[in-house]
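To keep things clear, I will list the structure first and then write my remarks on it.
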Amino acid sequence: MKKKHKLALTLAVLTLFLAACSTTPVTAESTGIWDRVIIYNLSQFIITLSHIFGNSYGLGIIVFTIITRIVLVPVMHFQYKTTRQTAILQPEINKLREKYSARDHQTQEILREEISALYEREGVNQYAGCLPVAIQLPVMIALYQAISRTEALKTGSFLWFNLDQPDPFFILPILVVATTYATSWLTMKMQDSGAAGKIMLFVLPAMIGFTALTFPSALSLYWVVGNIFMVIQTLIMNNPFTFIAEQKAIAHEKRRREKALEKAKKKHGRS
């Protein structure tokens, strides 16, 4: 299983324990780095955004999500660059997997070392894809705490749902599943994820959607908006369809040159 998928699974599992966190309201009198500096200021930031947008706490969360995603754009750009580099190296990685196809521990260890050496030679950071997921985890926890421990946000509503309650019509969980699947599918278009990756393409959205059934709609709203932003961002900054077309064109040109060279050699041999 890829490290990015492991981190995403960790995010989904850890959200199950958020309800056990402190439920004491956060105020200007709260103390400590987590409560006073992080949770309180985050809740006040969302409230301020909400006031700017017609006192709508739902819109405040949406704008907060977009701002968070914009801040993450440089990190995502780094991830996209790594994804492209990895995709370009995929044919060589496949050759290594064919060479070391035996399933014994020693052979698989050699395969991992060879792949790591290839990444190192090409300057590819294997862990770059983990950064966005790792950053989102504390944001999700902080957002949950801000909603559940701030009276104004806790009693807020948006469209058909209350922010601190699960969606009564299950629309948001369905959107969570659909948008999570979309982001995963776009990512895997540029990767040879193998059987495990294809399984995760369905398991990960299902797990995150399951947590959305019981957790505050504010978190689901954050997740859906973030996923939609990511889909648009991916199509603009790292469009897998454009990349695939480019790689096909490069491969076609390479074959054309090889045939032309072979033809030239034959012609020279007859001369």
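Taking the six-membered ring where tryptophan is involved, the planes of Phe64 and Tyr222 are tilted, since the angle between them lies from 30° to 60°.
Taking 4.5 Å as the limit, every side-chain heavy atom of Tyr181 sits out of range of all side-chain heavy atoms of Leu204. The closest side-chain heavy-atom distance from Arg36 to Asn41 is below 4.5 Å. Ser56 has its side chain within reach of Phe158: a pair of non-hydrogen atoms, C-beta onward, lies under 4.5 Å apart. You'll find the side chain of Thr183 stays beyond 4.5 Å of the side chain of Trp185, heavy atoms only.
For the atom pair CG (Leu163) and OG (Ser220), the distance works out to 11.0 Å, reported to the nearest 0.5 Å. Rounding to the nearest 0.5 Å places CG of Leu221 at 15.0 Å from OH of Tyr57. With values rounded to the nearest 0.5 angstrom, Thr68 atom OG1 is found 11.0 Å from Ile61 atom CD1. Between Ile67 atom CD1 and Leu49 atom CG the span is 5.0 Å, to the nearest 0.5 Å. One finds the CD1 atom of Ile38 at 9.0 Å from the CG atom of Leu42 (value rounded to the nearest 0.5 Å). For the atom pair Thr179 OG1 and Ile174 CD1, the distance stands at 11.5 Å (nearest 0.5 Å).
A donor-acceptor pair shorter than 3.5 Å can be found between the side chains of Asn227 and Thr180.
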Worksheet item: Could you go step by step and tell me if Arg69 and Gln233 meet the side chain to side chain contact (heavy atoms under 4.5 Å, CB included) rule?
Response: CA-CA 9 Å; Arg69 286 293 181 171; Gln233 180 179 252; 5.6 Å; no
Item to complete: Determine, stepwise, if the pair Val177 / Phe210 fulfils side chain to side chain contact (heavy atoms under 4.5 Å, CB included).
Response: CA-CA 9 Å; Val177 171; Phe210 178 76; over 6 Å; no
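Of all the heavy atoms in Pro173 and Gly209, the pair that sits closest is CB-O, 4.0 Å. Counting all heavy atoms, side chain and backbone alike, Trp160 lies closest to Pro168 at O-CG, 4.3 Å.
In this structure, Asp167 contributes its side chain and Phe169 its backbone to a donor-acceptor pair below 3.5 Å. Judged by distance alone, the side chain of Thr65 and the main-chain N or O of Gly226 form no donor-acceptor pair under 3.5 Å.
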